[in-house]
Q: 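Structure provided below as structure tokens; questions to follow.
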Amino acid sequence: MDEYKRKTPEQILEEIRKIQRGKLKIMIGAVSGSGKTYHMLREGQMLKEKGIDVVICAVSTLKRPETVKQLAGLERVPSIHWMDRGRETKDLNLDGLLARYPEVVLVDGLAHRNRKGARFPNRLKDIEWLLEHGINVMTTLNVYEIEGIQDVARKWTSLEARETVPIGTLELADEIRLIDVSPETLMARFKEGHLEQSPDSGLFTRKDLTVLRELSLRLVAEDVNAALEKHREEMGLQGPSGASERILVSAQYHWNGSIYIRRGQQIAKRLNGDLIVVVFVPDKSKLSKESAAFKRSLLKMAKKTDAGIEELPLRSSRQFPDALIRYAVENNVTRIVLGHSKKTRWQEFWQGSVTDGILRRAQGIDIFWVADRSARGETRFLPAQRGRHDQESPYHRLSKEELEKKVSRIKRGRFKIYIGAAPGVGKTYTMLREGNEILRKGTDVVVGWLETHGRAETAAQVADLQLIPAAEIPYKGTVLKEMDLNAILARNPELALVDELPHTNAPGSRNKKRYEDVMALLECGISVITTMNVQHLESLNDAVAQITGVRVRETVPDSILSMADEVELIDVAPQALRQRMKDGKIYAAGKVEQALGSFFKTGNLIALRELALRELADDVDERLESRDRSFSMRGPWRREETIYVCILPGANGERLIRRGFRIAYRLKADLIVNWIRVGRGNGSDEEPMADCCRTLTDRLGGTFGILESKSWKETPRIVMEQATEVNATQIVMGQAASSGPVLRRRKAVRELIRLARDLDVLLVSDPE
């Protein structure tokens, strides 16, 4: 075995070099002014407090007050000043830094170009030289200063970066941290004169800032995904991680093959997933001229969609389901996209049913059948853009209800959410720091509820903020403390800071959930800044359970996130978060080891971080698309959609509803949910489950109903009649249960898929 072979001298020297090489950390932001330098200096201060030797060189604060404060006590190695195109700029003093030889150097502007005659042409080479000499480096970078990303930024924003770094630069970093700031906050900073626009970019518009923010979120998410795949490979873990999607299109050398690839591309873009294409061809047979022409067409389309395409031999059509599922499992596929079967019942009897073969094998993988629209004489290709019928005319007279809704929105307080991937990332700290900044500007700010968890750094951020005392609620012989909603309303501040948005209130409270308390504050004109973790979003409950093995019980509807005026991500690398845990800055000492071995496992934290980045990137895109219906970085979708969720006996109803909601939300579609009761059902055992599904549907803004069917045999017909009545364009249902009438259920699902050939059908996996 290779691990017992003696290492060569070259291998030994390379491993020693890696040990001696310094570590590189990059702070990435959307634009200048997002706070990269501030956070870099703050981390430098934290390292200094731990006894680490830290210096700064070529750091530009641009005289921003909050950033200048972070310079206090940090030693500066003088930089080399020179004039570049009429403005003063700074180069690193490499000789001075090597002579000083600190453990860590903080430096701005990774994409900086050096003066003529410098040792290296740019700062990237300077930093690589410092790393090779064993000096750790922390630096900053704007997303549009990365080659490749700069091309996309130029396309959507007309932005030109003065200098760029190769996209492979990120692979050099040991740690990347995203500094996320909403466009609203950046626009306010520009307006208040705290920031200057880049002389190369001109004036940023809100759309520019939104596009650049989304690019930075997606870029870091891709980097995190690569780290997650590497970690899972090292740990010997197989199958999808649950944090991202991988879409497999099963195409054929036929005219409809291009339809499947296009549809797969749409799904992959909308879900931010990878796209791969496989074509199974008869073994040892030559392609006809027509098939060869379609093959050339498919190869061109796959190239345009950045999809990998693979051709595999197939001995007979009976082996297709097994070959397809085996390929999907080997490639960690989360969803298969293919066309509806065209076989008659008689052909399926003699040749085998492809659909039945897939239903029997596809455990843990979603299956998506693309609607056969040509069967109804409709266009074979999907419309490129959504309709604009919902856009208001400037001459439209508002109805009484529309006027009341707009007036209510104007009166409502402003709502901001800080979201993170896990506890301890710094959401509460950041909320309090912002609260103090707003207080200093003359706004009346109070702390409605605070959870410091014993963290001294967080408690220190309270500073001059007034804390509203908690309400005491007697419960079963004890006294529970909750946020005092009535006291805050009586105090009537301009802004309330409220921690832990998903919290469930004690029995006897005015509202059941804290987010309902927050809604009450907003309706009374009180603005709110609050905190939550991504795992508390209702529609992500199943994904989080798959990632961590823990079912989160306290959730908030996704509508809360879309209701917010601003959402900002607090991003921390998993290694840094685990170190905070070990330092006792998240939980008490007695809980540290247990947390590190369960929820705070490295793999869990990486996956949750990716989930948070992708979720916020989608939220940013949704907001941009709502303002500009012709623009979406995830591509256009269908003109009109109605998502119909069909819950058959034995299916995981709540999982299906969450999946249906996420599809409907991203498609701006209606969500219809039907609980199917077959025969007499399971009596009293079925009612609580149906009630839970009704409650969840209501929370997510869908319409719930119950359909009665006398038998499994007539169930497909009844479901299709209802789907037709609600004008469904996509049916969502679950895979066959492992208990109960498995064969009858699978037969009903197979027949339903046959009847729904002119609709999209999504069969959702149930890994539990």
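Positions are given from 1 along the sequence.
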Q: What pair of heavy atoms forms the shortest contact from Pro321 to Gly357, and how long is it?
A: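 Closest pair (atom of Pro321, atom of Gly357, distance): CB-C, 3.7 Å.
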
Q: In Å, rounded to the nearest 0.5 Å, how long is the span from CG of Leu671 to CD1 of Ile663?
A: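 It is 9.5 Å, given to the nearest 0.5 Å.
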
Q: Restricting to non-hydrogen atoms, name the atom on Tyr260 and the atom on Ala251 that form the minimum distance, rounded to 0.1 Å.
A: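 Here Tyr260 and Ala251 meet closest at CD1-CA, 4.4 Å.
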
Q: Of all the heavy-atom pairs spanning Val552 and Asn541, show the shortest one and how long it is.
A: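 For Val552 and Asn541, the tightest heavy-atom pair comes out as O-ND2, 2.8 Å.
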
Q: Do Ile367 and Leu359 touch side chain to side chain, with heavy atoms closer than 4.5 Å?
A: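 In short, these two side chains do not touch, never coming nearer than 4.5 Å.
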
Q: For the residue pair Glu641 / Thr729, report whether a side-chain donor-acceptor contact shorter than 3.5 Å exists.
A: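 Per modelled atom types, Thr729 and Glu641 side chains form a pair under 3.5 Å.
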
Q: Would you check if Leu762 and Ile731 make a side-chain contact, meaning some heavy-atom pair closer than 4.5 Å?
A: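 Contact flag for Leu762/Ile731 side chains = no.
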
Q: Give, for atom OG1 of Thr355 and atom CD1 of Ile753, the distance between the pair rounded to the nearest 0.5 Å.
A: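 Going from OG1 on Thr355 over to CD1 on Ile753, the span is 5.5 Å.
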
Q: Measure the OG1-CG distance between Thr724 and Leu759 for me, rounded to the nearest 0.5 Å.
A: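 Nearest 0.5 Å value for the OG1-CG distance: 7.0 Å.
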
Q: Answer yes or no: does atom CD of Glu171 have more than 12 heavy-atom neighbours from other residues, nucleotides or ligands under 6.0 Å?
A: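 For Glu171, atom CD is not crowded (no more than 12 foreign heavy atoms under 6.0 Å).
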
Q: So which heavy atom on Gly264 is nearest to which on Val249, and how close?
A: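 Residues Gly264 and Val249, closest heavy atoms: CA-CG2, 3.7 Å.
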
Q: When rounded to the nearest 0.5 angstrom, what distance separates OH in Tyr327 from CD1 in Ile276?
A: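 The CD1 atom of Ile276 is 4.5 Å from OH of Tyr327, to the nearest 0.5 Å.
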
Q: Give me the atom names and distance for the closest heavy-atom approach of Asp223 to Leu170.
A: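 Scanning both residues completely, I find the closest heavy atoms to be OD1-O, 4.4 Å.
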
Q: Start with the C-alpha gap between Arg623 and Asp619, add the side-chain angles, then the distance that decides, and say whether salt bridge (charged side-chain N to carboxylate O under 4.0 Å, His left out) holds.
A: CA-CA 6 Å; Arg623 292 169 188 271; Asp619 180 74; 2.7 Å; yes

Q: If you count every heavy atom of other residues, nucleotides or ligands that lies below 6.0 Å from Arg154 atom CZ, does the total exceed 12?
A: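 Counting other residues, nucleotides and ligands, CZ of Arg154 exceeds 12 neighbours.
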
Q: When you compare the side chain of Val544 with that of Val534, does any pair of heavy atoms fall below 4.5 Å?
A: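 Answer no - side chains too far apart.
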
Q: Are there more than 12 heavy atoms of other residues, nucleotides or ligands under 6.0 Å from atom CD of Glu147?
A: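 Check passes, neighbour count above 12.
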
Q: Go through Arg609 and Leu605 one step at a time and tell me if the side-chain contact (heavy atoms from CB on, under 4.5 Å) criterion holds.
A: CA-CA 6 Å; Arg609 185 188 183 199; Leu605 294 179; over 6 Å; no

Q: Please verify the inter-ring angle class for Trp369 with His340; under 30° counts as parallel, over 60° as perpendicular, anything in between as tilted.
A: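 Taking His340 first and then Trp369, their aromatic rings lie parallel (interplane angle under 30°).
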
Q: Out of Arg658, Arg699, Gln535, which one pairs with Thr555 under the side-chain hydrogen bond (donor to acceptor under 3.5 Å, both in side chains) rule?
A: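 The option that passes is Arg699.
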
Q: Would a distance-only check, ignoring hydrogens and angles, find a side-chain to backbone donor-acceptor pair under 3.5 Å from Arg745 to Pro649?
A: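 Side chain of Arg745 to backbone of Pro649, a donor-acceptor pair under 3.5 Å: yes, one is there.
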
Q: I'd like to know if the side chain of Tyr253 pairs up with that of Glu311 as donor and acceptor (distance under 3.5 Å, no hydrogens or angles considered).
A: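 Yes, a side-chain donor-acceptor pair sits under 3.5 Å.
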
Q: I would like to know whether Leu248 and Asn331 meet side-chain contact (heavy atoms from CB on, under 4.5 Å); could you show each step before the answer?
A: CA-CA 9 Å; Leu248 170 64; Asn331 288 274; over 6 Å; no

Q: Hey, does the side chain of Asp558 reach the backbone of Leu700 with a donor-acceptor pair shorter than 3.5 angstrom?
A: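 Not a single qualifying donor-acceptor pair exists.
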
Q: Would Lys747 and Glu751 count as a salt bridge (charged side-chain N to carboxylate O under 4.0 Å, His left out) here? Give the steps.
A: CA-CA 6 Å; Lys747 187 177 180 180; Glu751 180 61 19; over 6 Å; no

Q: Measure from the side-chain N and O atoms of Arg335 to the backbone N and O of Phe368, and report whether any donor-acceptor pair falls under 3.5 Å.
A: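 No: the side chain of Arg335 does not pair with the backbone of Phe368.
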
Q: Might you work through the salt bridge (charged side-chain N to carboxylate O under 4.0 Å, His left out) test for Asp356 and Arg360, ending with a clear yes or no?
A: CA-CA 6 Å; Asp356 191 57; Arg360 284 188 282 109; 3.2 Å; yes

Q: What pair of heavy atoms forms the shortest contact from Tyr644 to Ala728, and how long is it?
A: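 Smallest heavy-atom distance, with atoms named: CB-CB, 3.7 Å.
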
Q: When rounded to the nearest 0.5 angstrom, what distance separates CZ in Phe294 from CG in Leu299?
A: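 Reported to 0.5 Å precision, the distance equals 13.5 Å.
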
Q: Within a strict 4.5 Å, meaning less than it, do heavy atoms of the Arg213 and Leu217 side chains meet?
A: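 They are in side-chain contact.
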
Q: Between Arg218 and Asp618, is there a salt bridge with N-O shorter than 4.0 Å?
A: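 A salt bridge is present here (some side-chain N lies under 4.0 Å from a carboxylate O).
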
Q: Indicate yes or no: at least one non-hydrogen side-chain atom of Glu721 is less than 4.5 angstrom from one of Arg717.
A: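 Side chain of Glu721 against side chain of Arg717, heavy atoms only: contact under 4.5 Å found.
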
Q: Does the side chain of Val337 reach to within under 4.5 Å of the side chain of Ile247, using non-hydrogen atoms?
A: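 A side-chain contact under 4.5 Å exists here.
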
Q: If we only count heavy atoms from C-beta on, is the Val645 to Thr697 side-chain gap below 4.5 Å?
A: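 Side-chain contact under 4.5 Å: no.
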
Q: Decide yes or no on side chain to side chain donor-acceptor pair (under 3.5 Å) for Gln735 and Ser765, but give the supporting numbers first.
A: CA-CA 6 Å; Gln735 289 181 357; Ser765 65; 5.1 Å; no

Q: Picking from Glu538, Glu615, Glu622, what satisfies salt bridge (charged side-chain N to carboxylate O under 4.0 Å, His left out) with Arg662?
A: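 For Arg662, the salt bridge (charged side-chain N to carboxylate O under 4.0 Å, His left out) check succeeds only for Glu615.
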
Q: Rounded to the nearest 0.5 Å, what's the gap from OG1 on Thr548 to CG on Leu608? Could you check?
A: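 If we round to the nearest 0.5 Å, Thr548:OG1 and Leu608:CG are 6.5 Å apart.
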
Q: I would like to know whether Asp180 and Asp571 meet side-chain contact (heavy atoms from CB on, under 4.5 Å); could you show each step before the answer?
A: CA-CA 8 Å; Asp180 180 50; Asp571 182 44; over 6 Å; no

Q: Run the side-chain contact (heavy atoms from CB on, under 4.5 Å) check on Arg551 and Asp542 step by step: do they pass?
A: CA-CA 8 Å; Arg551 177 67 66 178; Asp542 300 304; 3.0 Å; yes

Q: With no hydrogens and no angle check, just 3.5 Å: does a side-chain donor-acceptor pair link Arg262 and Gln266?
A: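 Result is no, nothing qualifies.
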
Q: With a 4.5 Å cut-off on side-chain heavy atoms, are Val719 and Met733 touching?
A: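 Of all side-chain heavy-atom pairs linking Val719 with Met733, none is under 4.5 Å.
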
